[in-house]
Amino acid sequence: QVQLVESGGGLVQAGGSLRLSCAASGSTSNINAMGWYRQGPGLQRELVAEFSTAGTPNYADSVKGRFTISRDNAKNTVYLQMNSLKPEETGVYYCSAVTYIRYWGQGTQVTVSS
């Protein structure tokens with residue numbers, strides 16, 4: 001079992017920045033991939049950024065150059081630095097970790113006002 005706790009969401013104006021954190025606990029040594037997904041109002045959950053099983057970061061095309069995913073292995077924590085935020089990026093941001101199944105955090109709300 002893996003438990004994920006997100007933090008760092010909030011309200012920001014368009015063009016602003018936020019930094020999300022996700023701390024993993026439990027069977028963290030079994031985690032193969034870990035990252036962030038987003039679900040906007042009325043939309044499906046979609047990939048934002050994720051460290052793959054090979055350890056390389058993958059980004060959605062829409063966030064490349066503006067968002068950066070990073071991690072602190074000693075703290076079992078993954079971060080998402082989001083710059084130049086856009087109103088359409090409003091939604092609930094979920095942390096995800098993959099062992100032989102995918103785990104989800106409870107989500108953190110990000111609201112970008114225009």
Side-chain angles (χ1 to χ4, degrees):
Q1 294 282 339
V2 173
Q3 296 78 41
L4 303 171
V5 178
E6 303 107 329
S7 60
L11 173 64
V12 64
Q13 289 187 333
S17 299
L18 282 174
R19 187 190 192 213
L20 306 183
S21 300
C22 173
S25 61
S27 301
T28 58
S29 61
N30 296 327
I31 294 175
N32 297 315
M34 191 168 173
W36 294 93
Y37 286 68
R38 171 176 68 213
Q39 187 164 16
L43 300 175
Q44 291 188 338
R45 197 172 298 186
E46 61 181 1
L47 172 71
V48 177
E50 186 173 54
F51 283 108
S52 70
T53 54
T56 55
N58 295 321
Y59 294 94
D61 288 342
S62 62
V63 307
K64 287 180 180 177
R66 297 185 297 118
F67 289 16
T68 303
I69 189 170
S70 62
R71 60 189 173 186
D72 185 334
N73 291 330
K75 296 181 179 180
N76 294 314
T77 299
V78 170
Y79 305 95
L80 184 67
Q81 177 66 44
M82 305 185 292
N83 298 328
S84 302
L85 280 159
K86 304 175 181 179
E88 56 265 36
E89 293 172 327
T90 291
V92 180
Y93 284 67
Y94 293 93
C95 181
S96 170
V98 179
T99 58
Y100 60 92
I101 62 172
R102 185 177 290 275
Y103 293 89
W104 297 99
Q106 81 284 356
T108 185
Q109 177 70 41
V110 171
T111 302
V112 185
S113 63
S114 57

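Everything quoted here is computed from the prediction, not taken from an experiment. Side chains are part of it too, since the values below use all heavy atoms of this structure and drop only hydrogens, waters and symmetry mates.
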Correct closest heavy-atom pair for Ser21 and Thr77 would be CB-CG2, 4.5 Å
In this structure, CE of Met34 is separated from CD1 of Ile69 (nearest 0.5 Å) by 8.5 Å
One should read off an interatomic distance between Ser84 OG and Glu89 CD, to the nearest 0.5 angstrom, of 9.0 Å
Quiz item: Can you check whether Lys86 reaches Arg66 side chain to side chain, under 4.5 Å on heavy atoms?
Solution: yes
Out of curiosity, does Tyr93 fall in the hydrophobic cluster containing Leu18 (side-chain heavy atoms, cut-off under 4.5 Å, transitive links)? yes
Shortest non-hydrogen pair, Ala24 vs Leu4, comes out as CB-CD2, 3.6 Å
What one should report as the nearest heavy-atom pair of Ala33 and Ser52 is CB-C, 4.1 Å
*asked:* Are Val63 and Val112 linked, directly or through intermediate hydrophobic residues, by side-chain heavy-atom contacts shorter than 4.5 Å (ILVMFWY only)?
replied: yes
_Tell me whether Arg38 forms a cation-pi arrangement with Trp36, defined as NZ or CZ under 6.0 Å from the six-membered ring centre and within 45 degrees of its axis._
no
Here the gap from Leu80 atom CG to Arg19 atom CZ, rounded to the nearest 0.5 Å, amounts to 10.0 Å
Residues pairing under ring pair (Phe, Tyr, Trp, His ring centres under 6.0 Å) where one sits in residues 57-77, two or more places apart or in two chains, turn out to be none
| message | Assess the residue pair Thr68 and Tyr79 against the criterion (side chain to side chain contact (heavy atoms under 4.5 Å, CB included)); give the C-alpha distance rounded to whole Å, side-chain angles, the decisive distance to 0.1 Å, and a yes or no. | response | CA-CA 8 Å; Thr68 303; Tyr79 305 95; over 6 Å; no
_Gln13, CD: over 12 other non-hydrogen atoms inside 6.0 angstrom_ = no
Val110 side chain reached by Met82 side chain, heavy atoms, under 4.5 Å: yes
Interatomic distance, OG1@Thr53 vs CD1@Ile31, rounded to 0.5 Å, equals 13.5 Å
What verdict does the side-chain hydrogen bond (donor to acceptor under 3.5 Å, both in side chains) test give for Ser96 and Arg102, after you've listed the backbone C-alpha separation in whole Å, the side-chain angles of each residue and the deciding distance to 0.1 Å? CA-CA 7 Å; Ser96 170; Arg102 185 177 290 275; 2.6 Å; yes
Asn58 side chain to Ala49 main-chain N or O, any donor-acceptor pair under 3.5 Å?
no
* To do: Check whether any side-chain N or O of Thr28 sits under 3.5 Å from a backbone N or O of Ser25 as a donor-acceptor pair, and report yes or no.
  => no
Notebook entry, point to check: Would you say Tyr100 and Asn30 make side-chain contact, with heavy atoms under 4.5 Å?
Noted result: no
**Message:** If hydrophobic clusters are built by linking Ile, Leu, Val, Met, Phe, Trp and Tyr wherever their side-chain heavy atoms come under 4.5 Å apart, do Leu47 and Val92 end up in the same one?
**Reply:** yes
- Query: With the 4.5 Å side-chain cut-off for hydrophobic clustering, are Ile101 and Val78 part of the same group?
  - Reply: yes
In terms of heavy-atom contacts, Ala14 and Ser114 come closest through CB-CA, 4.4 Å
The reported gap from CD in Glu88 to OG in Ser62 (rounded to nearest 0.5 angstrom) is 8.5 Å
Correct closest heavy-atom pair for Val2 and Thr99 would be CG2-CG2, 4.0 Å
Residue pairs passing the disulfide bond (SG atoms under 2.5 Å apart) test with at least one member in residues 31-60, sequence neighbours excluded, are none
Leu85 side chain near Asn83 side chain, heavy-atom distance below 4.5 Å:
no
CH2 of Trp104 to CD of Glu6, rounded to nearest 0.5 Å, is 10.0 Å
Problem - Any side-chain heavy-atom pair of Leu11 and Gln109 under 4.5 Å - result: no
